[in-house]
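Report on the structure given below.
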Number of protein chains: 2
Amino acid sequence: MQIEALKILFAQSGLKFTNQRYVVYKAMVAARDHPSAETVWRRVREEAPAISLDTVYRTLAALEARGLVTRVPAGGDEARFDGDVTAHHHVVCLRCGAISDFTMTGATLTDLPPTVAAWGRVRDAQVLVRGICHKCLGPNDNTQPN
Amino acid sequence: MQIEALKILFAQSGLKFTNQRYVVYKAMVAARDHPSAETVWRRVREEAPAISLDTVYRTLAALEARGLVTRVPAGGDEARFDGDVTAHHHVVCLRCGAISDFTMTGATLTDLPPTVAAWGRVRDAQVLVRGICHKCLGPNDNTQPN
DNA sequence: TTTAATGCAAACGCTTTGCATCTGG
DNA sequence: CCAGATGCAAAGCGTTTGCATTAAA
């Protein structure tokens, strides 16, 4: 994405365009691993060494409030963010915390039962799968899931 | 549920049967609001006034590890637990934190795409809907979702 | 120039943990 | 008896916040 397009996007969202926000958003769009705030921080410090961790937190919160990033309901101890705001689902490894995307039909906003619409205003819907990934299981693993 | 049946259930799970665990589990099965540890604590203190908050945390963790309760991936600041371990889905209010159940077809374990099975060992799958509930919206509310 | 964003450091709140004591099996 | 559970208090850790400074518009 062009930097000029980002300036326009930020302006439309009522956000000042700062270099900190630029590198954070760029890192979020590029990331495929649903990074935590601290992970984002480590990455962007290569490009903006003076950025503070609180600014990363504040930036992610600002982007989330504008719908430019999403928080993944992964359930670990640290919040995980997603730069892909298109509809998709998540698998979470309860052991290592890895998060992967997957797609499937039949579980998007339009598939929800009318009871959900009656409940209030829906922002997003996703399938959340929890388990243990293959890397954590190892070859021919037979241990219990926890 | 009979108290004798609970003793058997706990024994099968390798858990000693204590009054603290008894009241916590009973409260979890009775609850419909997916309470936090502190909410559970407030409730069980009526029946077991000496119980400590850490014991509630430890008990919920032990029950979760045995699959007797579930953690709801609600995303708020405090962990929310569910005494209903049958397959169902959740709607979460981003404003007040209320969590409701709903059911729908097409999004259970058996409906997941093969890519998920290839990913590892799946423990559970649910649809997670986020939005603002009617109580928080109020009558004829037109504010933005956040 | 005016309003918002940043960095720093301290505070905050939920959760976990070490340890001595107690208790279920 | 003895391994495991509990209560207490303190620590841990991710996240938030107050405030002075800096920078975008």
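Predicted model, so just to flag it, every value in this text is computed and none were measured. Here is how names work: the chains are called A, B, and so on, in the same order as the sequence lines, proteins then strands, and each is numbered from 1.
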Classify the nucleic acid contact of A:Ala50 as base, sugar-phosphate or nothing, counting any heavy atom under 4.0 Å across all strands shown.
sugar-phosphate

Write down the distance between CH2 (A:Trp41) and C1' (C:dT6), rounded to a whole number of angstrom.
14 Å

Give me the ring orientation class for B:Tyr25 and B:Phe10: parallel if the planes are under 30° apart, tilted from 30 to 60°, perpendicular past 60°.
perpendicular

In this structure, how many angstroms lie between the P atom of D:dC8 and the CD1 atom of B:Ile51, rounded?
11 Å

Answer with base, sugar-phosphate or nothing: what part of the nucleic acid does B:Ala11 contact at a heavy-atom distance below 4.0 Å?
nothing

Using a distance-only criterion (donor-acceptor N/O pair, under 3.5 Å, no hydrogens), is the base of C:dG7 paired with the side chain of A:Arg58?
yes

Would you call the rings of A:His90 and A:His34 parallel, tilted or perpendicular, where under 30° means parallel and over 60° means perpendicular?
perpendicular

Does a side-chain N or O from B:Arg21 land closer than 4.0 Å to OP1 or OP2 of C:dG24, or not?
no

Would you kindly check if the NZ (Lys) or CZ (Arg) of A:Arg45 is within the cone defined by 45 degrees around the ring axis of A:Trp41 and under 6.0 Å from the six-membered ring centre?
yes

Rounded to whole angstrom units, what separation is found between the CZ atom of B:Phe17 and the P atom of D:dG4?
19 Å

Can you tell me the distance, in whole Å, between the CD atom of A:Glu64 and the C1' atom of D:dT15?
13 Å

Within this structure, what is the CD-to-P distance between A:Gln20 and D:dT21, rounded to whole angstrom?
18 Å

Determine whether B:Arg123 and A:Ile132 satisfy the following criterion, side-chain contact (heavy atoms from CB on, under 4.5 Å), listing intermediate values before the conclusion.
CA-CA 8 Å; B:Arg123 167 173 296 190; A:Ile132 311 288; 5.7 Å; no

Nearest-Å distance, OH (A:Tyr57) to P (C:dA9)?
17 Å

Residues B:His89, B:Val129; criterion side-chain contact (heavy atoms from CB on, under 4.5 Å); working and verdict
CA-CA 8 Å; B:His89 312 297; B:Val129 178; over 6 Å; no

Check the distance between D:dT15's P and B:Glu78's CD and give it to me in whole angstrom.
16 Å

Side-chain donor or acceptor of A:Lys16 under 3.5 Å from a matching atom on the base of D:dA23?
no

Whichever of A:Thr18 and B:Leu53 has the more 5' nearest nucleotide on DNA chain C, that residue is A:Thr18

Would you indicate, yes or no, if D:dT6 has its OP1 or OP2 atom less than 4.0 angstrom from a side-chain nitrogen or oxygen of B:Thr55?
no

Separation of B:Asn19 atom CG from C:dC22 atom P, in whole Å?
18 Å

Base, sugar-phosphate or nothing for A:Ala61? Non-hydrogen atoms, less than 4.0 Å.
nothing

Between B:Leu15 and B:Asp54, the residue closer to the 5' end of DNA chain C by nearest nucleotide is B:Asp54

